[in-house]
Chemist: 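Attaching a single structure in structure tokens format; questions to follow.
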Amino acid sequence: MNSQFKPRILISSAEIEACITRLAADIMRDYTGRNLLLISILKGAFVFTADLIRRLDLPLEVHFVLLSSYGGRMESAGKIRLVQPLQCPIRGRHVLVIEDIVDTGFTLSFLMEYLAREQPASLKLCALADKPFRRVVPVTIDYLGFTVPDKFIVGYGIDWDEKFRNLPDICAMEDEG
Ligand code: IMP
Ligand code: MG
């Protein structure tokens, strides 16, 4: 991808805000009376996580995991690992994973299987965006923000080569050449 690609707004910050209100209502309905353990995937989910937790009127903890994949920058190659071991006990907890985009599914299927082995009381996934046409490995998304087209997405925490995370909207990189 070279410099003729420019970010074009796909989902506006107002649409994102409305979506977060909906997701937070769904999550609060399902987790009433429970303590929630949120596990947010760095770095892409940090903005989404920050906005979502401020809409959740529930007792909760937030932890972060950094995953690495061997392969290209644009997609995971199927070999994922945790950069650091988890810093929090999972066993018996109600765990909700927060991710930016589910693409091939390699990242999430790895993490959900990893966490399931730690025997949480429950384990669910909340993703801001889904690219279902790109899926290689099946992943169940319990709370989904948006289905997006098969384009490279940036903004609202999501990067292209570490850039564009600061854009307030979700944008697609479009060829302006
Ligand atoms: P998966 O393992 O292929 O599902 O990859 C998911 C990860 O790839 C996400 O957490 C993102 O970090 C990255 N990713 C997938 N699609 C995009 C995109 O369009 N823009 C930026 N990052 C992406
Ligand atoms: Mg990611």
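Both counts, for ligands and for their atoms, begin at 1 and track the order of listing. Quantities reported herein were computed from a predicted structural model and do not represent experimental measurements.
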Chemist: Just by distance, do the side chain of R93 and the backbone of S122 share a donor-acceptor pair under 3.5 Å?
Modeler: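 Not a single qualifying donor-acceptor pair exists.
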
Chemist: Tell me whether the count of non-hydrogen atoms from other residues, nucleotides or ligands lying under 6.0 Å of CD in E17 goes above 12.
Modeler: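 Not buried by this count: 12 neighbours or fewer within 6.0 Å.
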
Chemist: Whether the side chain of K43 engages the backbone of L66 through a donor-acceptor N/O pair (distance < 3.5 Å, no angle test) should be reported.
Modeler: no

Chemist: Would you please say whether a donor-acceptor pair under 3.5 Å links the side chains of R55 and T21?
Modeler: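 A pair is found: one side chain offers a donor N or O, the other an acceptor, under 3.5 Å apart.
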
Chemist: So is R135 close enough to ligand 1, meaning a heavy atom under 4.0 angstrom away?
Modeler: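 Contact check R135 vs ligand 1: negative.
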
Chemist: Would you say D159 has any N or O atom under 3.5 Å from an N or O of ligand 1, going by distance alone?
Modeler: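 It does not: no N or O of D159 is found under 3.5 Å from an N or O of ligand 1.
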
Chemist: In terms of atom number and element, which parts of ligand 1 are under 4.0 angstrom from non-hydrogen atoms of K151?
Modeler: 19 (O)

Chemist: Does any N or O atom in V102 lie less than 3.5 angstrom from one in ligand 1, N or O only?
Modeler: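 There is no such contact.
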
Chemist: Measure the distances from the heavy atoms of R134 to every atom of ligand 1 and state whether one is below 4.0 angstrom.
Modeler: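 In this structure, R134 fails to qualify as a contact of ligand 1 - no heavy atom is under 4.0 Å.
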
Chemist: Check for me whether L108 has a heavy atom closer than 4.0 Å to any atom of ligand 1.
Modeler: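 Heavy atoms of L108 never come under 4.0 Å of ligand 1.
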
Chemist: State, without any angle test, whether D100 and Y156 hold a side-chain donor-acceptor pair at a distance under 3.5 Å.
Modeler: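 No, no side-chain donor-acceptor pair sits under 3.5 Å.
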
Chemist: I need the atoms of ligand 1 closer than 4.0 Å to a non-hydrogen atom of T107, numbered in the order shown.
Modeler: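 Ligand 1 atoms under the 4.0 Å threshold to T107: 1 (P), 2 (O), 5 (O), 6 (C).
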
Chemist: What's the spacing between K131 NZ and D103 CG if we round to 0.5 Å?
Modeler: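 Nearest 0.5 Å value for the NZ-CG distance: 4.5 Å.
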
Chemist: Counting only heavy atoms, tell me which of E99, K43, M173, K131 gets closest to atom 19 (O) of ligand 1.
Modeler: K131

Chemist: So is G105 polar-close to ligand 1, meaning N/O to N/O under 3.5 Å?
Modeler: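 Yes, at least one N or O pair falls under 3.5 Å.
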
Chemist: Among L96, L108, I98, I39, find the residue that satisfies the side-chain contact (heavy atoms from CB on, under 4.5 Å) test when tested with L125.
Modeler: L108

Chemist: Where on I158 is there a heavy atom closer than 4.0 Å to ligand 1, on the side chain, on the backbone, on both, or on neither?
Modeler: side chain

